[in-house]
Number of protein chains: 2
Amino acid sequence: MTSAQPATPDGEPTLTIAQVAERTGLTHDTLRYYEKAGLIERVGRTGGNQRRYAAADLAWLEFLLRLRETGMPIAEMQRFAGLRARGEATVADRLAMLREHRAGVARRIRALRRNAAALDDKIDHYERLLEGQPGTDEPA
Amino acid sequence: MTSAQPATPDGEPTLTIAQVAERTGLTHDTLRYYEKAGLIERVGRTGGNQRRYAAADLAWLEFLLRLRETGMPIAEMQRFAGLRARGEATVADRLAMLREHRAGVARRIRALRRNAAALDDKIDHYERLLEGQPGTDEPA
DNA sequence: ACTTGACCTGGAGCGCGCTCCAGGTCCTAC
DNA sequence: GTAGGACCTGGAGCGCGCTCCAGGTCAAGT
């Protein structure tokens with residue numbers, strides 16, 4: 001998904017936490033928090049105990065961000081990550097989770113649209129108030 | 001907006017906090033919190049100091065819920081409510097706030113759709129994993 | 001060798017939006 | 001007149017998702 005890494009095709013962990021922070025928009029603290037929380041599996045370390053992320057870690061983080069941005073709470077992401085860590089046997093469960101979450105997203109988009117329509121009505125109302133008679137007391 | 005009230009057309013405060021809680025889905029505590037926070041102006045009281053909401057209060061609460069459900073933080077609602085309390089002179093400011101908020105909602109809907117598309121991709125991926133070869137190790 | 005800045009850990013603290021509690025008053029029904 | 005439930009107040013507490021801090025270690029440049 002990301003393009004030109006120096007030389008490593010996928011496997012070798014090369015990215016520092018600062019680089020991952022920059023690419024994902026997460027802070028160092030949030031990255032460490034996600035690791036501590038089990039959202040990402042313990043990432044590789046250098047001899048001196050510093051984190052080095054692999055491209056696969058980055059891809060997973062980016063997927064987590066899709067979940068977060070669609071409103072999935074951390075507890076649920078933990079559950080998902082836990083299933084993922086248990087391997088291929090949990091694909092059906094993960095699929096079910098994702099489908100459910102996806103349906104929730106669709107509902108939230110619909111709700112947002114309905115509410116946006118109400119905002120539009122109010123905006124219209126204010127516009128008429130302003131252009132029309134700038135001396136009437138408002139009923140709403 | 002609401003239909004058959006007993007006899008009062010709009011003005012008289014008649015609804016108990018429990019009735020308003022039921023109609024809005026807010027709890028008693030939240031209603032009191034919103035009043036304390038200045039999101040709604042101090043509502044009418046009986047001789048015995050119990051709240052009685054007017055239909056206009058209910059309508060305003062329902063509008064606040066539209067703001068809340070579209071993600072407006074309470075601090076911003078306080079600002080909006082403050083402008084409203086200052087009367088007709090603030091209509092232009094309120095209109096500006098609403099337009100800005102409306103634009104944010106549009107952005108969030110677009111972002112949700114983009115992220116939902118990524119979820120759909122992942123769902124497809126899992127579906128292929130499941131139907132296809134239920135014995136392959138997954139690369140994502 | 002030394003400095004400087006990136007990184008490490010465990011744990012405390014924070015902002016938001018409620019939610020709950022204690023201790024009291026009110027009101028409706030019997 | 002009394003029981004029981006709905007309501008009142010001020011203020012403490014909570015769950016979430018980070019964010020910050022102290023006190024260190026590590027690594028690259030001069």
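Atoms considered below: every heavy atom in the structure, side chains included; atoms not considered: hydrogens, waters and symmetry mates. Small disclaimer: the values here were computed from a predicted structure and weren't measured. Numbers restart at 1 for each chain; the letters A, B, ... are given by sequence-line order, proteins then strands.
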With sequence neighbours excluded, what pairs up with B:Arg99 under the salt bridge (charged side-chain N to carboxylate O under 4.0 Å, His left out) test? A:Glu127
A:Leu26 side chain near A:Tyr33 side chain, heavy-atom distance below 4.5 Å: no
Between A:Tyr53 and A:Leu58, is there a side-chain heavy-atom distance shorter than 4.5 Å? no
List in chain and number order the residues that pass side chain to side chain donor-acceptor pair (under 3.5 Å) with B:Thr24, two or more places apart in sequence or in another chain; answer none if no residue qualifies. none
Mind checking side chain to side chain contact (heavy atoms under 4.5 Å, CB included) for B:Arg114 and listing every partner two or more places apart, or none if nothing turns up? B:Arg110, B:Ala111
DNA chain C contacts among residues 66-79 of chain B, heavy-atom distance under 4.0 Å: B:Arg68, B:Pro73, B:Ile74
Side-chain donor or acceptor of A:Glu131 paired with backbone N/O of A:Arg128 under 3.5 Å: no
Show me the pairs that pass side chain to side chain donor-acceptor pair (under 3.5 Å) and involve residues 37-50 of chain A, at least two apart or across chains. A:Glu35-A:Arg45
Per nearest nucleotide of DNA chain D, the residue lying toward the 5' end, A:Leu26 or B:Arg45, is B:Arg45
Reading DNA chain C in the 5' to 3' direction, which nucleotide is the first one with an atom under 4.0 Å from a heavy atom of chain B, and which is the last? C:dG17 to C:dC27
Considering residues at least two apart in sequence or located in another chain, which fulfil the side chain to side chain contact (heavy atoms under 4.5 Å, CB included) criterion with B:Thr70? A:Leu112, A:Asn115, A:Leu119, B:His101, B:Val105
Within the sub-3.5 Å range, which N or O atoms of nucleotides 25-30 of chain D have a protein N or O partner, and how far apart are they?
none

So if I apply the side chain to side chain contact (heavy atoms under 4.5 Å, CB included) rule between A:Leu39 and each of A:Leu64, A:Leu61, A:Thr30, which one comes out positive? A:Leu64
With sequence neighbours left out, the residues meeting side chain to side chain contact (heavy atoms under 4.5 Å, CB included) with B:Asp121 are none
Residues in contact with DNA chain D, drawn from residues 29-43 of chain A - heavy-atom cutoff 4.0 Å: A:Asp29, A:Thr30, A:Tyr33, A:Tyr34
Residues in salt bridge (charged side-chain N to carboxylate O under 4.0 Å, His left out) contact with B:Asp120, at least two apart in sequence or another chain: A:Arg102
Among residues two or more places apart or on two chains, list those pairs meeting salt bridge (Lys or Arg N to Asp or Glu O under 4.0 Å) that have a residue in residues 64-78 of chain B. B:Arg66-B:Glu69
Does the side chain of B:His28 get closer than 4.0 angstrom to OP1 or OP2 of D:dC7 through an N or O atom? yes
May I ask you to decide if the ring planes of A:Phe80 and A:Trp60 are parallel, tilted or perpendicular, using 30° and 60° as cut-offs? parallel
